[in-house]
Amino acid sequence: MMLYIPVPHKGYFQFFERYSSVAGTLYLIGEDLAAEFSTLHIEIRALDPYRVKKMLSALKLFRYINVLTIQNIGTFKPPKLITASEVVSRGIVQKYLPDTEVIYDTVFLRYDEDGVKSLKPVRYDRESSDPFDKEMMMLAYNESEGSSCWWRHVGAVLVKSGEVLVKAHNQHVPSEQTPYIIGDPRDFIEAGKLSHFSSSLHGEKMILLKALSEGINMSGADIYVSVFPCPDCAKLIAYSGIKRCFFGSGHASLDGQEVLKSRKVELIYVPID
């Protein structure tokens, strides 16, 4: 098992419980390796990995615990590996362990969307089983796995004339660790409510910001989202020039759906098995 553990918390111990019986050795990602793949801000609460090793060793959860660094990563050649689906771990696998068989899982728990109380069913215009639409929706779902959000993973893809222009997922700013530094307001809000009250940028907003920064004309474009947009994102989509919104799951709340329809944005449901 290989993990980046800047601050041990309940989520990591739940991760240990799932896999410690099949992973006898834990490899902690060292500060220098983590810094190589942390594109945003450094986690200011991060403990020295050798101190984390000492803490976890006392609990006797693993036979061996080692720290991976830039100096010794070259000798790390596991045939199989269990790790977390987050930016640091994925980056290390991609760069240093491309031939390793990897099981990715999430460190943080997030709610099951089936259990969210739906306020309004989406009154979509049509359902699509077109192979291209399904391919783009799967791309949105795959993109969503890049999110480190505790509560929900959302992916979005901007497409125009059959070409993928931008992909994005919801992410905390200025750092993925922000909610664990200052606290996460979602901890005190019932799942599915007050979606605008968040410390993260939603995937749809990330799409629009990236397109804006890259000078992309969104007029007539399509957006594929794994979850139907929240009211705030729906308004931005409605007035961006996007003409079709494809979604794979979720519900409509407040006035988002009405605003999209008022701007003649076609709503298309793409079911994915």
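- Across every non-hydrogen atom of Ala168 and Met206, the tightest pair is CB-CB, 3.5 Å.
- Every residue meeting the ring-ring contact (aromatic ring centres under 6.0 Å, His included) condition with Phe13, not counting sequence neighbours, appears here in chain and number order: Phe16.
- Side-chain atoms of Asn72 come within 3.5 Å of backbone N or O of Val67 as a donor-acceptor pair.
- Under a hydrophobic clustering in which Ile, Leu, Val, Met, Phe, Trp and Tyr are joined whenever their side-chain heavy atoms come within less than 4.5 Å, directly or via other members, Phe246 and Ile223 fall into different clusters.
- For the pair Asp232/Lys205, a side-chain contact is recorded, criterion being any heavy-atom separation below 4.5 Å from C-beta on.
- Pro8 and Met55 make their closest contact through CG-CE, 4.2 Å (heavy atoms, listed as atom of the first residue, atom of the second, distance).
- In the hydrophobic clustering of ILVMFWY residues, with side-chain heavy atoms under 4.5 Å counting as a link, Val225 and Val159 come out apart.
- Within the model, atoms OG of Ser57 and CD1 of Ile65 stand 3.5 Å from one another, a figure rounded to the nearest 0.5 Å.
- The side-chain heavy atoms of Ser253 and Cys230, taken from C-beta on, include no pair separated by under 4.5 Å.
- With sequence neighbours excluded, no residue forms a salt bridge (Lys or Arg N to Asp or Glu O under 4.0 Å) with Glu135.
- Taking the salt bridge (Lys or Arg N to Asp or Glu O under 4.0 Å) definition, one finds that Arg63 meets it with nothing, sequence neighbours left out.
- Counted within 6.0 Å of CD on Glu101, heavy atoms from surrounding residues, nucleotides or ligands total 12 or fewer; the atom is thus considered open.
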Identify all side-chain donor-acceptor contacts of residues 236-245 below 3.5 Å with residues at least two apart in sequence or on another chain.
residue, atom, partner, partner atom, Å
Ser240, OG, Ile237, O, 2.8
Ser240, OG, Ile242, N, 3.3
Arg244, NE, Asp222, OD1, 3.0
Arg244, NE, Asp222, OD2, 3.4
Arg244, NH2, Asp222, OD2, 2.8

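- The CG atom of Leu28 sits 8.0 Å away from atom CG of Leu68, with the distance rounded to the nearest 0.5 Å.
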Chi angles and distances behind the side chain to side chain contact (heavy atoms under 4.5 Å, CB included) call for Leu33, Ile92: CA-CA 8 Å; Leu33 268 181; Ile92 290 173; 4.2 Å; yes
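- In this structure, the side chains of Leu3 and Ile29 stay at 4.5 Å or more apart for every pair of heavy atoms.
- Between the side chain of Asn170 and the backbone N or O of Val154, at least one donor-acceptor pair lies under 3.5 Å.
- For Lys54, the salt bridge (Lys or Arg N to Asp or Glu O under 4.0 Å) test picks out no residue, with sequence neighbours left out.
- Grouping the Ile, Leu, Val, Met, Phe, Trp and Tyr side chains by contacts below 4.5 angstrom, directly or via other members, places Tyr224 with Ile272.
- Side-chain polar atoms of Asp125 and Tyr269 form no donor-acceptor pair below 3.5 angstrom.
- Listed for the Ser249 side chain is a donor-acceptor partner under 3.5 Å among the backbone atoms of Ser226.
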task: Let me see the working for Met218 and Leu208 under side chain to side chain contact (heavy atoms under 4.5 Å, CB included), right down to the final yes or no.
output: CA-CA 9 Å; Met218 290 176 281; Leu208 299 177; 3.4 Å; yes
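- Side-chain contact check for Val122 versus Phe247: some heavy-atom pair is nearer than 4.5 Å.
- With hydrophobic clusters built from ILVMFWY side chains whose heavy atoms lie under 4.5 angstrom apart, Leu81 shares a cluster with Val88.
- Once rounded to the nearest 0.5 Å, the distance linking CD1 of Ile73 with NZ of Lys95 reads 10.0 Å.
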- prompt: Does the side chain to side chain contact (heavy atoms under 4.5 Å, CB included) test come out yes or no for His251 and Phe228, once each step is laid out?
  reply: CA-CA 6 Å; His251 65 274; Phe228 191 80; over 6 Å; no
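- A donor-acceptor pair shorter than 3.5 Å cannot be found between the side chains of Glu31 and Tyr4.
- Remark: the backbone N or O of Glu204 is not paired with any side-chain donor or acceptor of His202 at under 3.5 angstrom.
- Every residue was checked against the ring-ring contact (aromatic ring centres under 6.0 Å, His included) condition with Tyr50, not counting sequence neighbours, and none meets it.
- Residues Ala211 and Leu158 share a closest heavy-atom pair of CB-CD2, 4.0 Å.
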task: For side chain to side chain contact (heavy atoms under 4.5 Å, CB included), just list the numbers for Tyr104 and Ile82, CA-CA rounded to whole Å, side-chain angles, deciding distance to a tenth of an Å, and then say yes or no.
output: CA-CA 6 Å; Tyr104 286 105; Ile82 299 168; over 6 Å; no
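- In this structure, Met137 and Val157 have side chains that are not in contact, with every pair of non-hydrogen atoms separated by 4.5 Å or more.
- Counting all heavy atoms, side chain and backbone alike, Asp133 lies closest to Val270 at O-CG1, 3.9 Å.
- Shown here are the side chain to side chain donor-acceptor pair (under 3.5 Å) partners of Arg51, two or more places apart in sequence or in another chain: there are none.
- No donor-acceptor pair under 3.5 Å is formed between the side chain of Thr100 and the backbone N or O of Val102.
- Residues Arg123 and Leu267 approach most closely at O-CD1, 4.3 Å, considering heavy atoms.
- The heavy-atom pair separating Gly155 from Ser144 by the smallest distance is N-CB, 3.2 Å.
- For Tyr27, the ring-ring contact (aromatic ring centres under 6.0 Å, His included) partners two or more places apart in sequence, or in a different chain, are Phe76.
- The shortest side-chain heavy-atom distance between Lys261 and Gln257 falls under the 4.5 Å cut-off.
- Taken to the nearest 0.5 Å, the NE2 atom of His153 stands 12.0 Å off from the CD atom of Glu143.
- To the nearest 0.5 Å, the span separating CZ on Phe15 from CG on Leu26 amounts to 9.5 Å.
- Using a 4.5 Å heavy-atom cutoff, the side chains of Asp105 and Arg18 are in contact.
- Rounding to the nearest 0.5 Å gives a distance of 10.5 Å between CG of Asp130 and CE of Met136.
- Glu266 meets the side chain to side chain donor-acceptor pair (under 3.5 Å) test with Arg126; sequence neighbours excluded.
- Lys134 places a side-chain N or O within 3.5 Å of a backbone atom of Pro271 that can act as its donor or acceptor partner.
- Residues passing the side chain to side chain donor-acceptor pair (under 3.5 Å) test with Ser89, sequence neighbours excluded: Thr83, Glu86.
- In this structure a side-chain-to-backbone donor-acceptor pair under 3.5 Å is present from Lys210 to Lys167.
- Taking Lys235 as the reference, Asp255 meet the salt bridge (Lys or Arg N to Asp or Glu O under 4.0 Å) condition, with sequence neighbours excluded.
- The hydrophobic cluster containing Tyr64, built from Ile/Leu/Val/Met/Phe/Trp/Tyr side-chain heavy atoms closer than 4.5 Å, comprises no other residue.
- Residue Val164 is not grouped with residue Ile216 when hydrophobic side chains (ILVMFWY) are merged at heavy-atom distances under 4.5 angstrom, including chains of intermediate members.
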